Amino acid sequence: MLDDALIRKLGSIVGRENALTDDRTRAACSSDATRWRSDPDIVLRPRNTDEVAGVLKVAHENGIPVTPRGAGTGLCGGAVPVGGGISLSTERLNAAPALHKEDLYVEVAPGIINHDLQEIVESRGLFYPPDPSSWTRCTIGGNIAECAGGPRSLKYGTTRRYVLGLEIVTPEGEVLFTGARTVKSVAGYDVTRMMVGSEGTLCVITSAVLRLLPLPGARETVSAVFKDLRSAAAAATALAGGGLSPAALEVMDAVCSEAVSAYLGVGLDPGALLLAEFDGMPGQCAENADRAARLLEGEFGVAVRRAVEPGDADKVWRARRAVLPALAALRPSVLIGDVTVPGSKLSAMIEEIMRISSRHGVGAAVFGHAGSGNLHPALLIDDKDADEMARARAAMTELTQAGSSFDGEASAPRGIGLDRQPYFDMEIGQSGYEVMRSIKHYLDPGGIMNPGKMFYED
Ligand SMILES: Cc1cc2nc3c(=O)[nH]c(=O)nc-3n(C[C@H](O)[C@H](O)[C@H](O)COP(=O)(O)OP(=O)(O)OC[C@H]3O[C@@H](n4cnc5c(N)ncnc54)[C@H](O)[C@@H]3O)c2cc1C
């Protein structure tokens, strides 16, 4: 617990009304989208970089844990203040973005919501590709800290590719600018990239320079329903290898479709859904969508739906983006895995997921970015049932290992945090793990930044 003198000192930096110790506010910042919970001692809502730096100086001097917090939509327990101390909310770090249209970049504060930024840049004919399914709620700071991706990462990559520079506050409270405002910045170590995906364990991100692209002239969505996920995945692999350059290629199984239908109150056709988005110059986009439709109808014998108008496409993508909350409504908790395998092994991996989950007696659904061979097995469980929880954890460990037997790898695009901490060294190998832990110790010797996350010990 923080004593009154420290609470007053922190309040003098951010303003007393933004230094909150009441139970309700602390409880609201005790969790994210996972089942993990732990109250901070205090929630601070700084307004600018100087205030963040002031808070970190005090935290550093007094050894107080600091857990940065965006919107709390994280899927790995990253924003959960397991060490108590300060939950540092970026809610008020939300100054209007500075758009540099000619130079194709935008400078943003970390508290801006991803979708709000998308709308701002698109209204000026520009494009910021990273589109996590939580985009109407999650913040850009959280996206950078988790290196978020979304359906469009098949063609455009994840957040990392778009971060040109960062303003960060170090654990000692120093303000540092890393990177540049130009694409060609090559001097020395790439500190910017190291901060992307650092999950609040190395710094607080207080501003970011994000690279933009010209907005594609056209977009078209092609969808089809298959009898099972394996057929949908086979079709996705064929589309991915067909030279059509889809922007997104997603699948979800019949459990997901049914859950989404109930959750959104829409009538999705029963079966596994394949969604493909094409974008680019209007003629080329339409031609690629035509070819995709012909391939799906000809080789896979399914009826294809096409959405050219933005409103129609939005409806289909809304269904895809609702998978997680829809699954979460089925059981008290969802344990999500992440496996990437070569396209030719997708089918076998799907079978393996079903085999492992059924052997452990755990209900499962599968969705994912099939175009890049990336599947999310979602185990549907009651986290208060210790036995079921243990079986789910055992199943997840096997699933994580299974990927490598199919020439693939387990990865964690939604972060390590608390949830995937037990698998982290398995995923990146012992030496990679030690390198990262050394970096953490060097940059944060007091271990105040988001302690208890990623590594077994800080
Ligand atoms: C329904 C749903 C769908 C999702 N879909 C996707 C998806 O498609 N792709 C994907 O990648 N993720 C997805 N996510 C996960 C989540 O939305 C992302 O990880 C997102 O980037 C988190 O942003 P946030 O603002 O909510 O961050 P939070 O959850 O608040 O924090 C996440 C982590 O970032 C750190 N952090 C936050 N802000 C800062 C900062 N300014 N400086 C330093 N560290 C900071 C926190 O300490 C924490 O470790 C989904 C989540 C939900 C609930």
Side-chain angles (χ1 to χ4, degrees), residues 28-34 36 40 46 49 52 56 65-83 86-94 108-115 130-154 157-160 166-171 195-208 248 250 260 263 317-318 320-329 334 336 338 367-369 374 376 378 411-421 449-454:
C29 294
S30 67
S31 62
D32 59 3
T34 62
W36 301 98
T49 303
V52 174
L56 285 187
V66 178
T67 304
R69 181 178 184 85
T73 67
L75 289 170
C76 64
V80 179
V82 278
I86 297 167
S87 172
L88 192 139
S89 163
T90 59
E91 194 184 331
R92 295 174 70 239
L93 296 172
N94 61 356
V108 295
I112 187 166
I113 304 297
N114 178 301
H115 196 261
D131 61 339
S133 296
S134 52
W135 64 352
T136 54
R137 289 190 294 140
C138 63
T139 64
I140 289 294
N143 292 172
I144 296 170
E146 296 287 357
C147 191
R152 298 195 294 230
S153 57
L154 174 65
T158 59
T159 298
R160 180 165 281 129
L166 288 175
E167 180 189 79
I168 60 171
V169 180
T170 69
M195 295 301 161
V196 179
S198 62
E199 302 190 20
T201 63
L202 299 179
C203 68
V204 179
I205 297 156
T206 46
S207 177
E250 302 277 304
V260 169
Y263 182 75
W317 283 102
R318 192 168 155 247
R320 164 62 187 90
R321 291 180 189 283
V323 167
L324 260 183
L327 291 177
V334 183
I336 299 171
D338 193 281
F367 62 99
H369 316 292
N374 182 219
H376 296 304
S411 55
R414 279 126 198 235
I416 306 296
L418 290 168
D419 226 39
R420 297 191 64 82
Q421 196 186 46
M449 288 306 305
N450 212 352
K453 308 293 167 58
M454 288 176 111

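First listed ligand is number 1; within each ligand, the first listed atom is number 1. Just so it is clear, the structure is predicted and the values come from calculations on it, not from any experiment.
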Q) Is Arg69 close to ligand 1, meaning an N/O of one under 3.5 Å from an N/O of the other? A) no
Checklist entry - Do Gly150 and ligand 1 have an N or O pair less than 3.5 Å apart? => result no
Hey, is Glu199 close enough to Lys453 for a salt bridge, meaning N to O under 4.0 Å? no
Gly200 heavy atoms within 4.0 Å reach ligand 1 at atoms 43 (C), 44 (N)
NE2 of His115 to OG1 of Thr136, rounded to nearest 0.5 Å, is 7.5 Å
task = Please indicate whether any nitrogen or oxygen in Ala33 is less than 3.5 Å from any nitrogen or oxygen in ligand 1.
result = no
Item checked: Asp131 N/O under 3.5 Å from ligand 1 N/O -> no
**OP:** Would you check if the side chain of Arg69 reaches a backbone N or O of Ser31 as a donor-acceptor pair within less than 3.5 Å?
**Re:** yes
Under 4.0 Å between heavy atoms, the region of Asn450 that gets near ligand 1 turns out to be side chain
Note: ligand 1 atoms sitting under 4.0 Å from heavy atoms of Pro325 are 1 (C)
A student checking ligand 1 against Gly70 at a 4.0 Å heavy-atom cut-off should list atoms 25 (O), 28 (P), 30 (O), 37 (C), 38 (N)
Review point. Within the structure, does Cys147 bring an N/O atom to less than 3.5 angstrom of an N/O atom in ligand 1?
Key: no
| request: Look at the side chain of Asp32 and the backbone N and O of Gly77, then say whether any donor-acceptor pair between them is shorter than 3.5 Å. | output: yes
Nearest heavy-atom approach of Val169 to Thr206 is CG2-CG2, 3.8 Å
Q | Any N or O of Ala148 closer than 3.5 Å to N or O of ligand 1 | A | no
- Message: If the contact criterion is a heavy-atom separation under 4.0 Å, does Ala328 count as touching ligand 1?
- Response: no
- Message: When you compare ligand 1 with Ser134, is there at least one nitrogen or oxygen pair between them that comes in under 3.5 angstrom?
- Response: yes
Closest to atom 42 (N) of ligand 1 by heavy-atom distance, out of Val66, Ile205, Val80, is Ile205
For Gly78, the ligand 1 atoms with a heavy-atom partner under 4.0 Å come out as 47 (O), 48 (C), 49 (O)
So does Gly452 get a backbone contact from the side chain of Gln421, meaning a donor-acceptor N/O pair under 3.5 Å? yes
TODO: Check the pair Glu167, Thr49 against side chain to side chain contact (heavy atoms under 4.5 Å, CB included), reporting the backbone distance first and the verdict last.
DONE: CA-CA 9 Å; Glu167 180 189 79; Thr49 303; 2.6 Å; yes
A student checking ligand 1 against Thr90 at a 4.0 Å heavy-atom cut-off should list atoms 41 (N)
What do you reckon, does Pro110 have a nitrogen or oxygen under 3.5 Å from a nitrogen or oxygen of ligand 1? no
inquiry  = Taking Ala148's backbone N and O only, do any of them form a donor-acceptor pair with Thr159's side chain (distance below 3.5 Å, no angle check)?
reply    = yes
With heavy atoms and a 4.0 Å threshold, my read on which part of Leu324 contacts ligand 1 is side chain
Residues Cys29 and Pro81: closest non-hydrogen pair is O-CD, 3.4 Å
One finds that the ligand 1 atoms under 4.0 Å from a non-hydrogen atom of Cys203 are 43 (C)
Counting from 1 in the order shown, the ligand 1 atoms closer than 4.0 Å to a non-hydrogen atom of Val204 are 42 (N), 43 (C)
Any heavy atom of Asn143 under 4.0 Å from ligand 1? The part involved is both
Please confirm whether Cys138 comes within less than 3.5 Å of ligand 1 when only nitrogen or oxygen atoms on both sides are compared. no
To atom 5 (N) of ligand 1, the nearest of Ser133, Ala145, Gly417 on a heavy-atom basis is Ser133
Closest heavy-atom approach to atom 11 (O) of ligand 1 among Gly149, Gly142, Pro132 is made by Gly149
Partner of Asn450 under side-chain contact (heavy atoms from CB on, under 4.5 Å), picked from Leu88, Thr201, Val204, is Thr201
Next item on the list: If the plane angle is over 60° it's perpendicular, under 30° parallel, otherwise tilted; pick one for His369 and His376.
Entry: perpendicular
- Run the numbers on Phe367 and Leu327 for side chain to side chain contact (heavy atoms under 4.5 Å, CB included), then give the verdict. CA-CA 11 Å; Phe367 62 99; Leu327 291 177; 4.0 Å; yes
I'd like to know if Asp131 pairs up with Arg321 as an ion pair, taking the criterion as any Lys NZ or Arg NE/NH1/NH2 lying under 4.0 Å from an Asp or Glu carboxylate oxygen.
yes
For Thr139, is at least one N or O under 3.5 Å away from an N or O on ligand 1? yes
Value for CH2 (Trp36) from OG (Ser30), rounded to nearest 0.5 Å, stands at 13.5 Å
- [ ] Please check if the side chain of Thr139 supplies one atom and the backbone of Gly142 the other of a donor-acceptor pair under 3.5 Å.
- [x] yes
Ranking Glu199, His376, Arg320 by closest non-hydrogen atom to atom 49 (O) of ligand 1, top hit is Glu199
